[in-house]
There are 2 protein chains.
Amino acid sequence: MSIHSKTSDRTSAYTLQRALRPTENDLSTVRRTLQKADTDTGNSRVEQKERTRQRLIDSALALIGAGSGYNALSLREITREAGLVPAGFYRHFRDLDELGLALVEMGGVTLRRLLREARRDGIPPTDMLRGSVQIYRRFVAERSEVFRFIAGARGGGSRAIRDAIRTEESHFASEMAHDLRTLGTLPELSSATLQMICGLVVTTMLNAASDILDLPEGHTQAERELIENFVRQLRVVFLGAARWRDS
Amino acid sequence: MSIHSKTSDRTSAYTLQRALRPTENDLSTVRRTLQKADTDTGNSRVEQKERTRQRLIDSALALIGAGSGYNALSLREITREAGLVPAGFYRHFRDLDELGLALVEMGGVTLRRLLREARRDGIPPTDMLRGSVQIYRRFVAERSEVFRFIAGARGGGSRAIRDAIRTEESHFASEMAHDLRTLGTLPELSSATLQMICGLVVTTMLNAASDILDLPEGHTQAERELIENFVRQLRVVFLGAARWRDS
DNA sequence: TATTACAGTGAACATATGTTTACTGAAAGT
DNA sequence: ACTTTCAGTAAACATATGTTCACTGTAATA
């Protein structure tokens with residue numbers, strides 16, 4: 001594909017453009033020390049390290065967002081995208097799985113932010129469910145790569161990652177149950193039952209996210225139907241929850 | 001890893017044992033023509049072809065069952081397991097995705113069999129939900145590779161495969177809705193609503209399958225809790241369904 | 001019986017991957 | 001000022017991948 005048969009990994013490493021495009025400056029040895037290139041904030045040693053670590057994470061997310069699923073991406077791809085030599089990866093992560101766990105944590109943070117935002121805005125008075133779903137839909141769209149990752153790794157990724165995601169889901173469900181409690185929703189239910197129901201809500205949410213992300217671009221009608229279905233499913237769940245009697 | 005540095009692909013192709021194990025007959029040229037080896041049933045040309053095609057599919061499933069997720073497996077791995085040279089793959093599938101679609105279809109068949117069996121046994125009189133879940137649990141255990149594949153490819157796999165799985169899920173939900181209808185369950189609901197609810201049930205089922213498959217071996221207690229949670233979630237759904245009023 | 005179709009072979013191809021090793025230069029610690 | 005630490009480099013490694021091509025033997029066909 002490339003013109004030179006002896007092109008090393010670095011040739012395309014600094015294009016910083018989308019790869020697989022014939023670049024004319026293949027040989028230009030303008031190798032400005034990247035350390036200087038991204039002098040945005042602090043420059044202590046640890047700050048710099050943390051910054052490239054974050055760059056690796058972001059690159060992984062970017063690649064996931066750009067089509068290829070989590071399990072399809074490789075160490076070299078990531079370092080390439082991050083403007084780093086492959087070996088440099090090991091200064092930050094033992095292997096891809098460790099990077100994956102960082103992504104899971106980031107996913108957890110995203111979910112928590114979702115709850116926080118929903119809390120802050122307060123529940124829409126008339127149709128709280130539809131309102132919450134709207135917030136969620138926006139979140140999924142805005143941080144699509146994160147949800148793509150979660151959707152892809154929840155069933156796909158390595159054992160360790162699946163477990164980590166499950167844990168994060170469980171925490172999220174707990175927090176949600178707590179919110180519902182303080183909000184006074186479903187006051188008759190035991191905490192255990194509430195947790196069980198929130199678990200159901202969470203999986204439904206994540207399934208919906210996966211569906212939303214696979215929507216063909218622009219089809220607003222299909223999206224509307226999908227969202228409508230999602231809202232109704234949640235309504236069924238809460239209807240059932242309201243009628244639940246702890247045995 | 002292997003003793004010979006020039007080992008071709010074929011060295012381990014015929015071990016037929018689990019790979020990665022030092023075999024002593026590496027050099028034994030006992031290359032019995034495999035065509036003769038599996039003379040089980042008919043031997044017409046097309047039958048033979050269909051048989052190795054099935055062998056490829058089975059090998060893929062076996063590899064999935066043996067740990068590595070769907071997206072992690074490779075053409076060469078599969079042909080190795082199937083006792084076939086890599087190039088032979090193309091006589092049966094254009095690429096891995098096409099094999100994947102065959103797996104999806106097989107998954108659909110499995111799900112239909114599940115419904116058929118549940119229908120045949122009739123719904124347990126006292127606790128139909130728990131009974132159905134028992135049937136399901138057994139199914140997941142018996143055909144674990146299939147469910148592993150579905151769970152892994154539903155969010156992970158290529159676009160085409162995700163879509164195919166979604167279609168299969170939808171069909172399954174429809175069939176389930178039909179069964180509920182003829183069974184007289186939830187007679188007041190419109191077909192659309194019933195379909196929506198069955199969709200929710202199906203995703204809940206598949207999520208549960210994923211959880212079941214990741215259970216640490218032998219922990220009967222954890223499994224019991226998981227199943228119990230699963231049953232309760234379904235109960236919530238059906239409770240909600242019973243209270244649903246089409247607007 | 002002679003001819004054709006074609007599933008499976010064997011070898012080579014270009015290209016990708018993860019991991020190791022010794023190195024360099026600048027920030028941090030003394 | 002001098003030494004240590006360590007993020008990032010360069011190059012090589014062994015190994016894996018998908019895909020191609022001309023081939024071979026045999027079942028199907030004529």
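Nothing here was measured: the structure is a model prediction, and the numbers come from that model. Letters A, B, ... mirror the listed sequences (proteins, then strands); counts begin at 1. Atoms considered below: every heavy atom in the structure, side chains included; atoms not considered: hydrogens, waters and symmetry mates.
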Please report, to 0.1 Å, the donor-acceptor pairs under 3.5 Å made by any side chain of residues 99-115 of chain A, with sequence neighbours excluded.
unit_1, atom_1, unit_2, atom_2, d
T110(A), OG1, M106(A), O, 3.0
R112(A), NE, G108(A), O, 3.4
R112(A), NH1, E175(A), OE1, 3.2
R112(A), NH2, E168(A), OE2, 2.7

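No donor-acceptor contact under 3.5 Å links the side chain of R91(A) to the base of dC6(D). Not a single donor-acceptor contact under 3.5 angstrom links the side-chain atoms of R76(A) to the base of dA16(C).
A sub-4.0 Å separation between OP1 or OP2 of dT19(C) and a side-chain N or O of Y90(A) is present. At dG8(D), one or more side-chain N or O atoms of T52(A) fall inside 4.0 Å of OP1 or OP2 (strictly under the cut-off). Close to dA27(D), at under 4.0 Å from its OP1 or OP2, lies no side-chain N or O of S44(B). Residue R80(B) places at least one side-chain N or O closer than 4.0 Å to OP1 or OP2 of dT17(D).
A salt bridge links E117(B) to R138(B): one of the charged nitrogens lies within less than 4.0 Å of a carboxylate oxygen. In summary, R154(A) and E169(A) engage in a salt bridge, as defined by a charged side-chain N under 4.0 Å from a carboxylate O.
Protein atom CG of L96(B) is 12 Å distant from nucleotide atom C1' of dT19(D), rounded to whole Å. For the pair D97(A) CG and dG18(C) C1', the computed distance is 14 Å after rounding to whole Å. The CG-P distance, from D95(B) to dT19(D), rounds to 7 Å in whole Å. Remark: P of dT19(D) and CG of L99(B) are 13 Å apart, rounded to the nearest angstrom. Remark: P of dG18(D) and CD of E98(B) are 15 Å apart, rounded to the nearest angstrom. Here the C1' atom of nucleotide dA16(D) and the CD1 atom of I78(B) are 15 Å apart, to the nearest Å. A straight line from CZ of R94(B) to P of dT19(D) spans 11 Å, rounded to a whole angstrom. At whole-Å resolution of the value, CD in Q48(A) and C1' in dG25(C) are 14 Å apart.
Closest to the side chain of S74(A), out of dG10(C), dT9(D), dG18(C), is dG18(C). The side chain of R45(A) has dA26(C) as its nearest neighbour among dT20(D), dA26(C), dG8(D). For H92(B), taking side-chain heavy atoms from C-beta onward, the closest of the listed nucleotides dA7(C), dT17(C), dG8(C) is dG8(C).
Residue whose closest nucleotide on DNA chain D sits further toward the 5' end, between V46(B) and E77(B): E77(B). Taking the nucleotide of DNA chain D with the nearest heavy atom to each of A87(A) and A87(B), the more 5' of the two is matched to A87(A).
Distance check: F149(B) CZ to I64(B) CD1 gives 6.0 Å after rounding to the nearest 0.5 Å.
No side-chain donor from either of Q54(A) and R51(A) sits under 3.5 Å from a side-chain acceptor of the other.
At a threshold of 4.0 angstrom between heavy atoms, the contacts of F89(A) with the nucleic acid are absent.
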